[in-house]
Every structure is written in structure tokens, then in C-alpha cells.
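Every chain is numbered from 1, with letters handed out A, B, ... down the list of sequences.
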Amino acid sequence: MSSRTAEIEVLRRRLAVLEGRLPQESQMSLAPAPAASIMQEPTHTPSGSEVEGAAGVCVAPAGQSRHRLCLGVEELDQLSAQHGFKLGTLHEFTSTEVRQSGALTGFVAALATLCLKQRDGMVLWVLDEMVQREAGLPSAQGFLQFGLDPARLLIVAPHRVEEVLWALEEGSQCRALSVVVGEMQGDFKSLDLTATRRLALRSERSGVPVFLMRHSGQAAVSAAMTRWRVTPLRSEAVGLRNKGAFVPARALMAAPCWHVELEKNRDGRPGSCELEWNHAEQRFKRISRPECGTSLGTPAPEATHPVSMVPRAGHRPHLPQGSGQVVALRRRG
Amino acid sequence: MGEGLSDACARVPHLRTEEEIPEADEALLAALADWCDRYTPLVALSGDDGLLLDITGCAHLFEGEEALLEDCVTRLSAQGFTVRASVADTVGAAWACARAKGGVIAPGGQREVLEPLPLSLLRLEENCVAALNKVGLKRIVDVLDRPRAPLASRFGGELVRRLDQALGLEGEPISPRLHIPALVAERRFFEPISRQEDMEAIILALGDHIKAQLEERGQGGRAFEVALFRVDGVVNRLMVGTSGPIREPSFILRLFREKLKSVGDELDAGFGYDLVRLSVLEAQSCTPGQLDLSGARDEDEDLAQLVDRLGARLGIARVARFLPGDSHMPEKRAALVPAATVREDAIFWPDEHLLWDNTSLERPLRLLARPEPVEAVAMVPEGPPLRFRWRKALYEVARSEGPERIAPPWWQGPQPTRDYFRVEDSEGRRFWLYREGLFEREVPNPRWFLQGLFS
Amino acid sequence: MSGHLLRQSFVELGCATNFSFLHGASHPEELAFTAGELGMPALGVTDRNTLAGVVRVHTAAKEAGIRTLVGCRLVFLDGTPDILVWPTDIEAYQRLSRLLTIGNRRAPKGECHLHLEDLMGWGEGLIMAPVPLALPRQADEAALCRVLGRLTDAFGARVRLAARFLYYGSDRRWLGRLQEIGAQQEVALLATNDVLYHRPERRPLQDVISCIRLHKTLETAGRLLEANAERHLKPYGPMLDLFQDCPSAVSESLRVADEITFSLDELAYTYPDETFASGLPPQEELSRLAEEGMQRRYPGGVPDKVRATVARELELVEALQYAPYFLTVYDIVRFARSRGILCQGRGSAANSSICFCLGITEVDPDRADLLFERFISPERKEPPDIDVDFEHERREEVIQYIYEKYGREQAGLAATVICYRSRSALREVAKVFGFSEDAMNALSGTIWGRSDRGGTPGQIRDAGLDPEQVVMTQVLKLAHELIGFPRHLSQHVGGFVITRGRLDDMVPIQNAAMADRTVIEWDKDDLDALGILKIDILALGMLSAIRRALVMLKEDYGVTHSIASIPAEESQVYDMISRADTLGVFQIESRAQMSMLPRMKPRTFYDLVIEVAIVRPGPIQGDMVHPYLRRRQGLEQVNFPKEELREVLGKTLGVPLFQEQAMKIAIVAAGFEPAEADRLRRAMATFRRVGTIGTFQRKMVEGMVARGYEADFAERCFKQIEGFGEYGFPESHAASFALLVYASAWIKARYPDVFCAALLNSQPMGFYAPAQLVRDAREHGVEVREVDVNMSEWETILEPGSPARNKLHYRHREMAETVYSDRAVRLGFRMIKGVRQEDMARLVARRGRGYDSVRDLWLRTGLPRAVIARLAEADAFRSLGLDRRTALWAAQGLEQGGAAERLPLFDRADLDNLRPEPDVNLPPMHLGEHVVLDYQSLSLSLKAHPVSFVRPALQRMRVTRAADLVNLPSGRRVTVSGLVLVRQRPGSAKGVIFMTLEDETAVANVIIWPKCFEKYRPIVLGARFVKVSGHLQNAEGVIHVVAEKLEDASGLLSHLSAQGLEDAALAHADEVKRPVQELAPKIRPKRGLAQLIQEVPEVAQDYENLSRTAQRVMPKGRNFH
């Protein structure tokens, strides 16, 4: 069948792009960046799987994503070749430590929230037992306040990590989904180039973006379009009227904020930014706070003893041990 | 009788009471009606405590009315029911006799049998019977030969109509409960069968029978039913529908085979079936060309299929969705339930995030599976934590907010009150901790737990 | 308290009592006392749109030594946030009261509909503080600012902003925002804990009542319940900790408290101005009327003693300026008299000589020779109290007169607070815990009558539940806490408050459940506490009966009497009373009274006063009855505990029987101050729940012992006061009642026919059903004739007959000289169930020379067939020669509907000529069946007694006839059998059940001890016709059978008729309850009749709902005390 050959041709081209053999920019027509935080690519008129785009443009089969995602923060949005980030593909998000999983989850949840505004369907959220034990489950109430309707969450909690991958693959080809989120902890052997490539391929075919969260994950070989590193940031101090001396423990918390570093970007160039999330308006705000927190780019202060990361919950004694300066550290590559 | 329950309870303190469940009674009676299907398809409900069977032309299958009646009473009694039954020419006479003494009333014998019975057995309204009784008319014989006009003018036409119906002077149709099938084929066994192969063979055989008749009518079946009558009274019914008319026995069997497979476990043959009936519930005229078993399968993925597929491999419970829970306790605020059991539109999360202040979030994004104990330094009695140690690491609290005081449901047993704090450490990590127990009001030394992580 | 110290404290201003129904979880008293303990100088009470609880807080706060800041939480319909308001002065208070009245009057009963506009209109002088939501949204914040803006524009500095710290998590953040808003709007923040209960331990109960309010269970209520237990009273320290970001909000509470000068004590009550024809000022008018009355009362010359008393009383009235009050009562009584409505006053002031002279009471102080001048006592500042009883059928006329004369602005009914009782509390709590209907029934079935205690563990185990189970303990504990909580306000049966100014300036007025009634928000205790006068306009069935009897006496016998002129102190009347031949006589017809009479053998009017008072909780709980009886019978010497009590106890043989005596003992023997003694009495009723009783008890007992009394006597005196607290019964009441006792007894003795007819026409009332009244009349020689379409009228009437003295039952043979009757009683149509007065009036009006056939009657009256069938079923066609069955057949043969609906032409042709009915041979009807049907239709039969039909069978079973018991020696084992007439379980009799049986000869009294009851419970409670075996007890003419074995003998009667007697209500349940209703509230028995099975709240309107259920539950027989 002619349609079949055409499809194969398209796939072949995509693989080439994925593997960096074909520069993607050359295949895309540039579009002016709209002012809106979320922008759509100009609509391609041709549709149907048989139609091949003209001028060497890689045209996705019908129904695939024609969307890009703008974060609404110029510094980040302009890092990509086109304004905003490509949706129908695999993105990776990592944090240095599991105890920062709150921040990591926050950033991904914020992105998912933006996706949901743009795409119909549910969020498939896959996490394995290890993550559950170490970082807990998503909290429906928390997500709700954060801006992501828990009614649109489909939580899949497989027993084993292999099953996480399988579930992500299954999800990434289901067009009824809005976005697929996967969580893993640490580095994981079977999540190699092949596996990520399969994910990316399926995602591109279906147009469903896949966000892969890797708690305390290191830079590993991956076919992901981007890799982001998220670090928590001290929130802005909210002062109370009529307050005398500033007592840190009595200072109120403010909106969540992070330092976000785009470590890898096949679609453009890397960069970094400090962001705050406004959950009421569901949008990011760029902040710059030189005075506080760990600054991106410079690694966290290293301890004298390379201690294994935060001990895993399963091996922890029931009650915390007595005092003693134990500082959780980055695991060394 | 007729007294209030509380009165009865006062009189008999140990009185055991059961709530009346009319639906259950109804369902039971309907089930019995279905079972009686074995005698005749014309089974009607009679009031809320009786069944009416039109056995015209059926009695010979059971070697006579007496035998049929006995068979019916014996079988029902064996199932634990108290049965009173009667066979008569008219519905009215059978109704009255079943409640009076039972038995088969010889054709034309209803008058004689009815005479001594009380008027209440004429299926009259209670106040009509009461009015009759007040003037001394108590038995059917008291009114049987009276002039009809004065009776009718005093007690209404119903009395006369019921009399005539009971005597057979006026006809009375019954309205069967079940849809009467277009075609029926059945087979009885002296030795009950229970093996699947046997059943399949019988369906095939019955199908042959049906096929001939459908051909004769130039029809094909769109819906079929196999009714399996178990020895102990249970009737299992399997129904299949087709997308087009069919009449080929092997097709019919194939449909039922899949059905049998899918319900295989639920179908309990028990001591076996002694009657199998194949009915064509819906027939349709057709041309031979239409007789095809086909139907295009939609290849499109949809969410339900994804859920099924994930559930099939990972286990249904591992594919879940959040249902809102109504409790102050954070861990009960949402429940994860198998997605397969949730209807899409059944979930509604009210948008509680639009509070007056948009700078802080009150609930963490992640909840630990179980609150983890931490060591914390805090001001008594109810100050926020100043620093705490979690998983061997020490955290300096830079900002905090709270307490949010949540007292667990007291009716579920004594549990200490929790004071929740949202804290941010010097590195910007945000946590959700609580102090368990109010200082000195509930416990001397409250313990601390970390339950969630903020973004 | 120094200014500085004062600044170091906090006043809780926003506090809901449990008069915020199903919101507040503490009694007003608990809150007031706790506030005192926490060192608050004052307490603000703000119930939801009501002032119903403020008086109780006020009273308790006085005890606790703190100020009450009256306020209210205004809850609006229009989305306005709740606003707490406190009037600063009396004018502002009046505006608040008016505001609430407006809200009440436009809403259905129990609701108050307010809009912000109302407050804008009436808010002058109110301090007001909007309460922001605890978890606000942005829109709420905007709305709050809008409201604040409007309020400050109008009321300026009076406006505050309420700030709460309820541990909702973001409190500090929100508080900060409120501070900003406050600064913006120039409004000070006011700290409040928005209190719902006095101590955190009340949280469970608060959750429970919230669930009751929301119709949820604890499991399903979810976040509708409060998240924590913080909404209790908090003292200065903790409040300051909470508001450390904003300490000024805490001190603001003191500034607000300072700003409020209003106290409920300022509500000086003003009597309505009466205008008099004479144009004299009130006091002079009163003197004039008293003088006039004196001349009328004593035509033979006023005794000096009376004149002196009146003069002294007038002086006192003048000093206290009570003249308008007396004149108001006088005016009401005069109105009633002018309408021919019989009435009689009673109450503390009613037995004064002035009242006798004014005609308010009929008790001649001279004749009664009362022990106490129960009048106003200036030192106690207790307001005079006059209750007036009116004929129960015509009281409404009086009430409407009052409304008409004073208008709704000046007259309103007092409220009655309906509280949770053990049964309702247990039921509601069990429901909240998610118990099934069955378990709930089983649980509440463990409670008998209306006790204030929950079921005992044993009873609960009996109900098949485990009392040890945790849930069960919780249920019981919470139910116990809930008991005594107000549930809703209902109308007092007749307590009117009449004011000179607007009533709603004093207290908010609500709509009542009955149309055209309005009720104020305070009950009689509240009014008492504030010294506000009320006049009780009560209904008394016996007055209706006596009025009817007096009319009959005049019309049928030509004898003219009034209550006062009935010949006094006739020994034949006392003879009859002493034989306990008092069926139907006011007050002394109950089983307990009847068994007392032969021992008491009353001979004088004062004996009747004692008789009326003695069978009451006070004397019984004080164990004073038997000592008195023994002394009366000369079995024990009369002595006085101490000589100082001779004056107090002289007339009652040294035994305290009246409430006044008990109080006097507290003063004389225990050294109480008079005011203190009064507080003691009131404490019994109001402060029971806060446990101050113990102190009083100690003080009284110790005081008496210290003065040389025996501890046992002291304890008994205290118990008696406790009994009076539950059921106050002063001598003055007893005297007024005794007068009616004598009047009704005199009529019964002299004219049993008149007595019978008058009682039948006043039904439902009294203790006994028509069947017993008729039977009693027949035994007194009166011929009673059946209802007949050609003879009867709506009411029962007298017809020419023969002298009764010749036909007396031998039991009453000694009354041959007493009885004057020579008429026969013709039962009226009102005896027939289900016929209407207007139908029967038409029947009588068109009767002419009589109806000659059923059809004739139908054609001439135009009554519907159904009505004629009713008459036939009542066997009312005998004068036509038709028995019940034939008449009924004829009636059934009529066309449906009435003849009037048909064309006349058609009638003649169609019915009479064209369709001659074939002859019918209906089966004949046995006498037994007739009797049963008589009972069904008339609730009595003149033909025979049902038991007579089974006598042969009973004889075979060696059953003794009730009439023969009197001839048997005490101690003999006997078996009696009869219809159950009455079952009683007097609260004072330790679980004993009294059962009265009736056979064709007489009634038999049965005593069932608890053990026997438990054994035969289903029979005792369920059977209509029983056989009882046991030992005969015959003491002083009082005959009882002490049951050992009971059998349900209903089967014996079943052959009489297919319907059986089961359906024949021998007595309508209403009659059972009637005495309770008409005697309320002053002498309302706490354990009313028929409450054994069904809890019955105490007021009339609730009776109506419940009587339906009660009827269903106990349709037959008379029931329990």
C-alpha cells in the first residue's frame, strides 16, 4: 500500500532527526512568536496519513500534535528554535535529590497544567513503588490548589520499573490523553537510548507529550528532546503589617519558586531561569533573586564525605536517630 | 397486628424486627415467576403475593393438571416456600381456592367450591367487603343468588364483575410478565445435565429446530436467549444479540459459546439443568445475503481501552483515579479508586484553589504514604517548628505558616489532635509537618511528623 | 477593678448558646459560669437572630458575678456576612428587638429573614461587627469591604470588624489582611473566638447537633463539621497569644464592653393603661371596684376581717403600683362573664380578697381559711401571678378579645422551650451515629415515658445492644448531654404578656405554629426573672362541663346556680366523695385519688384542698403522704418537728404538703433568706443542669440539722422541694381547684343525669371515656337512651323520665336521699363517630314531626348517603322500626351523594316507582354483634356489656365478677377478667403499674409489680381483654387485685363479631391526654398520660400531632401516667 510506504518514510526521517542526523530547524518553517503564552503552530492544511508535506518539511500524520508550549517566560521560550517547546515528544526533568521532589513535581505539574489548558484529555501519571515510598503520591488536594484538576489525573502505580516503562509506552500512543508523566528514581538501566527513543517515537506519532521525571537522576544518554534540572528556591518573604523584628520562623510562605535549568535542548539551546508559579492565574512569572538560594550552574556545596543520598525509606529505622550532622548530598556521578 | 413497631417493641423487648424490603420481595416473586416459566410461558404476577399461570394446553406435558400442580407444589416446597395452589377454570376461582384449600377444581365445579368461602376471597376491596359484612353478607353464597341490581347499586359494579369472573360468566385475560418470544424450542431431561459440551450439543440441536422454523417464515433472528432451568429452581438466562439476522445453528452456538466462556465462572450448574430452552427473542425478515456475521472493529484507541489494557497487566487497582473524600483528615481528603470502576462524569472536584490569597498553597503536592516521624524543635505550647530532622538530615526552618489544627474524628476512637505547619527550609524546600497532640492538653510531649512535600 | 487590671483582660463578645438551636452546644448557664471562672468581667451573648437565650445568661451571669452584654448574631438572607450586634443603650435594644421582630414576622415559624437594609434602618445605637468568613474567597473579601463601607458611612465608630483565629491554617495571613482592610476603612478589629461551647470537651456534642441540623450522620457530614475543638471560651492569655500580630483586637473587646451600658434589668415593665368609664386613676378605680365587689359578695354586711384584709392588700398594691395589672385581669374576666364564659382565677395573687371581691376568683378567703396569704411579697419582689381558667371550648374567644383590645403590638403569648428528652435525645444521637431505624427503635424503646435519664445498661442489653461497646457508651453519654437542650420554641398554652408600650420593644415576637398567634421569645421563667407580668389564659374542660350543667339545671329543673352559689359543705356530697364514688368529678377521679379518698374521708372544703394537693410529686417525693394519712386516721400522733413550725404546719397535721410550706420551712427551719428560698425553688427548675443543687441541698439539710431537726426530716423536706421544682403546686391553686371539685361533685351527687349529659357534651375531657360515664350514670339510676334520628339532637339532652332514686344500683343505695334527678339522658349525635355538626343540625331542623323512612330522611335532609350510612351503623333508626342492618341496607340502596344533587323529577320516577327493590332477607344480627358495632360507632353500647356474652365461659373458668370482689376477704386468691380501661404507671410509684378492668358488673383494680410486668409485658401492654389472677387486697374499702398471672382473653370475645373489639376504641386517646392539656402549665404533670409508649412534649399544639401517633399506638384503653 502506498500509504504504508509513506508512513515508513516519515518515520525514517523522524529517526534521523532524533538521532541528530538531520537538523530539525531546517525542516520547520519559522513562525512569528505570538504574544500569548501558549501558541499554536500555524495550521497545516494537509491532513491524512498519506499526505506528505512539501519542501522537505516533516509533516506529522493526522491527529499528531501541532502544538508547542510556551511557558510565558521569554528567557525560556526563546531558547527553542521556535517560540515555545515542542509538545509531541519526550522531555526529561531531573532533580538532584529526592527531597527536592516537591520542587520537581511542582514544575512538571505546572507544565502539565499548561498542557491541560491546551489539550483535551487526561493526564496519565505513572510512578513506581520506589518513588511512592520515597517521595509519596501526588496529592489530589494539592494538585487541585496548584491548578491541575485531579479529576483529570489517571494514576498508574506499577509494581516494577519495567512496568512503568511499558505503561508510559502504552500511554504515549493513546491520543485520548493530554500528557503522559512518568516518575522514576535514580538512574535506571533499562531506561536507555532505545527505550527513550521508543517513547519519543510513539509520542511523536500520537502527539501526546511525555514528561519523564527522574528524581536524583544524572545526565544519562537519552533520546529526550530536552532535559531540565529543577532546584527549589527560597520563596519571597511575605511581610505582615505592624510587624516588629523579622522572626524567620514566623515569616509566611509565598508562592512556589524554582531555579530551572534547561541542560539539554535538541530543539535549541540550553539556558536557565528563576521561576515562580502563580497558581491562581496558572502562569509562570520570572523572578530574579540573586541573594537567595543555591544559584544554578554552581553545584551545591559538596560534603566532605560522599554519603549515599538520602537513605531509602525501606531501610530507615522507625524513628530518626539522635543528633549528628548528616547532610544529604549529591551522589557522585 | 396493626400496631406500631415501637409499641410492639415496648411490649416485647426482645422482638426481632426486619425491615421490609418491598423491592426484595418483588424480585423474589419475579424470580419465582421466571422459574414457573418451565410450565408455561404465560406467567403473570398476581398482586404482591401470587403467581398466575395460564396452563392451557400445557398440562398434558406433565401428564395432567393434578400432576402439574403436584410437581409445582413439590418443587417449590423443596425450595423452602410455603405454597398454596389451585387449578380452576377461572382466574377468580383459582385465586380463591388457592387461598382457601387448594387443589384442582373440576371443570365447571367452581360454583360449588366458592359457595362457602368468605367474600374476601372474591378479590374485592377491603371496604367493600366490610360494607357487605355490616349487613350480614359474609360468604360468597350470601350474594351468589341475590338480584344483581341492588348489589351493584350498593356495593359497586366490582362485586358483580368479580362474581362473574369467578364463575366464568365473564372472561379475564392475564398479562404475562415476560416478553413472549417469537420462537421457542426446548428440551427436558430426566437426568440433569451440567457439562458444557452437553449444553453446546443441545443448543446446536435446538438451533436446528429453530432454523427450520425461521426458514419457513423467511426470517432470521436478531436476539436469542438460552434459558437453563436448574434442578433447584434457579434459572440462568443468557442473551445474545447480533448485528444482522442469522439462523445458522453453528453461528448461534458460536455466540453462545463466547458468552458461556465469559460467564463461565459465574454460571454455577449446581446439580445440573433439567430443562434447556432456546428462544428467538427478536426475529426479522431477511434475504439470504444478509445472513452474515460481521462487524467492523474500530481500531481507534480510547481511554477506556487504555485503562483496560493497563489494568489487565498491572492489576485493576493499580490504575486509579482520585475521588474527592469529605473529611478534614488530609489522608482521607481523596481516595484512589480503580479507574475501571469510576464513571467519568461522577468525579467532581470543586475549585477550592481560588481563595482570597493567591500566594500560598495550603496543601502539599505530594503526600507521603505514611506520615514519617521527625525530630523537631518548636516553641511550646503551639509554636511552629524551628528546625527538624527528617531522614537523618537536619533542616532549618526559614518560613512557616500555621497551625492548621485538625482534630481527628473523635467517634473513631481517641486520637490526638494535629497541628499542621507549612514550612520552608533555608534551602527553599517546602514541607508539611504536624505536631501530634496538644501540648499538655492531650499529651505531655507532642511528637512531630512529616506528611507532605510542597512544590 | 482598676483600670489597669481591666486592660489586662478580655471579654468574649460573640458567644452562641444552645438557643442558637443546633449550633450552640452549651447551656447559657454553663457559658456564664465558665466566663466567670475564666476571669472575664463580662460576657457577650450573640445567638443567631434571636434573643431567646439572653435572659438565662443574664440570670446566670448575675450568679457568677459578671456582666451580660446582650447581643445578637444577625444572619442575613442576602449574602451579607453575619454581623454581631450589641445595643449600647435601651433605645438601641428596642430597635434590635423591633428588627428581629420584623425578620421573624415575615418568615415562617422558627425562622427569621433579614436583609442588610433592615439593619441599616434599625441599626442606630448598635455596635456592630461583621464576621468575615474563615476561608474567604476573593469575592468574599470584596463583599466584606462593601458591607464595612456601608456600615461605617451610616454608623461610623460603632462599627468593628470581628477577627477570629480558629486554627484554619492561614489565620495569620488573613488576620494581616483584615488589619489592612480595617486600616483602610478605619474600623478597629475586635477579637472573638466565635464561641459555640464553653469548654473544648463539648466538641463531640457540637458535632452531633450539627449533624442533627444538617440531617447527616457523623460519617457523612465530612467537612461540614468543625475541624477542631477550638470554638470554646478562651481567657485573656491564650487570646493574646493568638492575636500577637494584633493585640489591639483583644483590648478592643474591653472598649466595646465599656461602650455598652445596656442591661436587661433596665427593662422596666409597664402595665397597660386601662381606660375606665369612671375616669379615675387606676388605684382609685381598683378601690372602687373592690368596694363594689365587697358589697356584692357580702350582701349581709362585710365582715370586718375581710374589710381589713382588702384595705391592707390595696395598700400593698398601691405601693407596688400593681393596680393596672389587677384591672387588666378584671377586664378580661369581665369580658368572659359578659359572653357567658365560665372562668375562674388562680395563682399567687388570685386568692387575695381583692380578687374575690372583683370576681376574679370564687374562693371565699373566709370559707377557704387558707393557711397562706399567698399574695405579693414585697421583699421577694416576685410579681403577682394570676392564672385564669376558661371553658376549654371558648378560651379562643377570650384570646381573640385580648389581641383585639391590645393589638399584636402590645399582647403576645409567652414561649415554651421544648427540650430534648431522653427518648428524643437518644433517638437523635443514635441516628447521627448511623444506627439503623431498628436499632434506634430498640434503643429508644428502652426508655419508659419521659424520663430525663438514658436507658440503663440492663435495659440496653434487653434491647439486644451491647452497652459496653464503645459506640454505645458514646451514644449514651452524648444523649445524656443533649437532654435538656432546647429544641425549639413553642407557644405557652396561655401565658399572655401585655404591655403599655410596644411589646416588641421589650422582646422580639415570632410567629407561632397556629395561624393568628404570635409568641414572644421568652418563656415564663425568663419573664419571672425580669419581673415581667403575665396573665395565664388557660383552658379547662371541667369549666365547660359545669357551665353546661348549670344551664341544664336552670332549663330542665328550674334551679339557678352559679359555682359560688352551689350549696356549700353538704354532708351527702362529702359522703359520696368519701366512698370514692367520684367518676367524672374534677381532679379526684383518677385511680390514685380514688384510692386515697376512702382513707382521707374528706368532710370539709379544706380537706378537698389537701386532697387535690397531696397526690403530687412534691408530697410523694418528700414521702409526706403516708405520714399525713396516718395522722388523719388517728394512727399516729400529730406533733411538730419543732414548735416554730406549728404555725406553718398546723393545718396539715404537722406534715408539709404545700409548696409554700416547704419554702417556709427553708426559711424558718433552715435559715434561708426569703429571696434565697425563692431562688432555691427556681434553681430546681433552671439550674438543675449546672449542678448548683448540691450547694442548696447541703445548705438546707445542714441548716436544719444545726437547728435541731432530724436529718431524715430535713432530707425529705429537700426532696419535696425538688418535687415542687418539677411540679409546683401551691395551696392557692389547690384551693381554686377544690372549689371545682366540690361543684362537680355536688352536681354529680344531686343530678347525675345533668352531670352525665354535661360531661358527654364536653368531651373529650376528663379521665374516663363516655362508656364509663354512661355506665356510672345508669348505676346512679339515670335512664340513658340511645341516639335516634327522630329524638336526638347534636348534644346530649335531657328528656322527661322517672325519678332516679328508685333505680339506684345497690352500691349506691345510700344515695336515695341525695339524688334529685328525674330526667332521662338522650345521647346526642355527637356521640357518633364521623358525623358533622352542620349535617346533624340540618337533620334536626328538617325533622318536623319525624322521618318515616330512610329514604324520607335522605330526601328531606339532602344528606349524602355516606352520612346516612353512618347513622344506620350507629343504630339510630330504631324509632322507625329498623334495626341497624336493615337500616344500613336501605341506606346503601340510596344513590351515591345527597338527594339535593339530583333532579327532583328524576327522583320520583326513577327511584320510587320504576325500581322497586326486591325483598331482601338479610341474615339476622346477634346481640353480641350489635354490641360490638355499637362500640365501633359510638364507643359505648347501651344494649349490653361485651363481657356479659362470655360470662358463661368465664364462670367455667371460675372467674369472679368484679362486683363480687367486695364480698371476698382480703388475701383470697381470685381471678378477674375484663376489658382494660386504664393502664397507669405513676412516676412516683416505683414502676408499679395500675390497671383498671371493667366487666359487666363493675370495675376491678389491678396492681402489677415490675417483676410481674416484665413477665407478662406483652399482655399488659397489648391485650384488650385480660384475665388476671392474684391475691385480693382490701384495705379500708380500697380493693385491689395484686396480679400474679395475666392472660390475654381476647380470643373469648372474638366470636362476637368478625371485626372484634380490637377495632372498637373504648376510649379515644384524646380524653386520655385532655387533663394534661387543660391543666397545663402550672400543674402540668411532668409525666402525662399515655406517655408510656410515646414521648409527648408538653404543649398543646404538639399534642395534636402526637395524638395521631399515640392513637395508632394505643387506640384502646386508657393509658399511663
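The part of C/Glu873 that comes within reach of chain B is its side chain, from C-beta onward, which places non-hydrogen atoms under 4.5 angstrom from that chain. Heavy atoms of C/Pro924 lying under 4.5 Å from chain B are absent altogether. In this structure, chain B has no heavy atom under 4.5 Å from any part of C/Asp140. Residue C/Leu133 does not touch chain B at all, counting heavy-atom pairs closer than 4.5 Å. Neither the backbone nor the side chain of B/Pro381 comes within less than 4.5 Å of any heavy atom of chain C. Proximity to chain C (any heavy atom under 4.5 Å) is restricted, for B/Phe155, to the side chain, taken from C-beta onward. B/Ser327 touches chain C through its backbone: at least one of N, CA, C or O sits under 4.5 Å from a heavy atom, while the side chain does not. C/Phe433 touches chain B through its side chain: at least one heavy atom from C-beta onward sits under 4.5 Å away, while N, CA, C and O do not. There is no contact between C/Ala872 and chain B, counting heavy-atom distances below 4.5 Å. Proximity to chain C (any heavy atom under 4.5 Å) is shown, for B/Arg418, by neither the backbone nor the side chain.
Here the CG atom belonging to C/Leu933 is positioned 8.0 Å from the NZ atom belonging to B/Lys134, to the nearest 0.5 angstrom. One finds the CZ atom of B/Arg405 at 11.0 Å from the CG atom of C/Leu166 (value rounded to the nearest 0.5 Å). Expressed to the nearest 0.5 Å, how far CZ of C/Arg173 lies from CD of B/Glu362 amounts to 8.5 Å. Between the CD atom in B/Glu404 and the OH atom in C/Tyr168 there is a gap of 10.0 Å [rounded to 0.5 Å]. With rounding to the nearest 0.5 Å, the separation of CD in C/Glu929 from CG in B/Asn133 is 8.5 Å.
The nearest pair of heavy atoms linking B/His328 to C/Leu225 is NE2-O, 2.6 Å. Closest approach of B/Val135 to C/Gln892, counting heavy atoms only: CG1-OE1, 3.5 Å. Across C/Ser170 and B/Arg422, no two heavy atoms sit closer than the pair OG-NH2, 3.4 Å.
Comparing B/Met329, B/Lys332, B/Arg441 by heavy-atom pairs within less than 4.5 Å of chain C, the highest count is held by B/Arg441. Looking only at heavy-atom pairs under 4.5 Å with chain B, the residue among C/Pro204, C/Pro923, C/Gly222 that has the most is C/Pro204.
Other residues, nucleotides and ligands contribute only 12 or fewer heavy atoms inside 6.0 Å of the CD atom of B/Glu125.
Counting only distance, with no hydrogens or angles, the side chain of C/Asn228 and the backbone of B/Ala407 share no donor-acceptor pair below 3.5 Å. When atom types are taken as modelled, the side chain of B/Arg154 and the backbone of C/Trp889 share a donor-acceptor pair closer than 3.5 angstrom.
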Exercise. Checking side chain to side chain donor-acceptor pair (under 3.5 Å) for the pair C/Glu219/B/Trp411: CA distance, chi angles, key distance, verdict?
Worked result: CA-CA 9 Å; C/Glu219 291 298 337; B/Trp411 58 93; 2.8 Å; yes

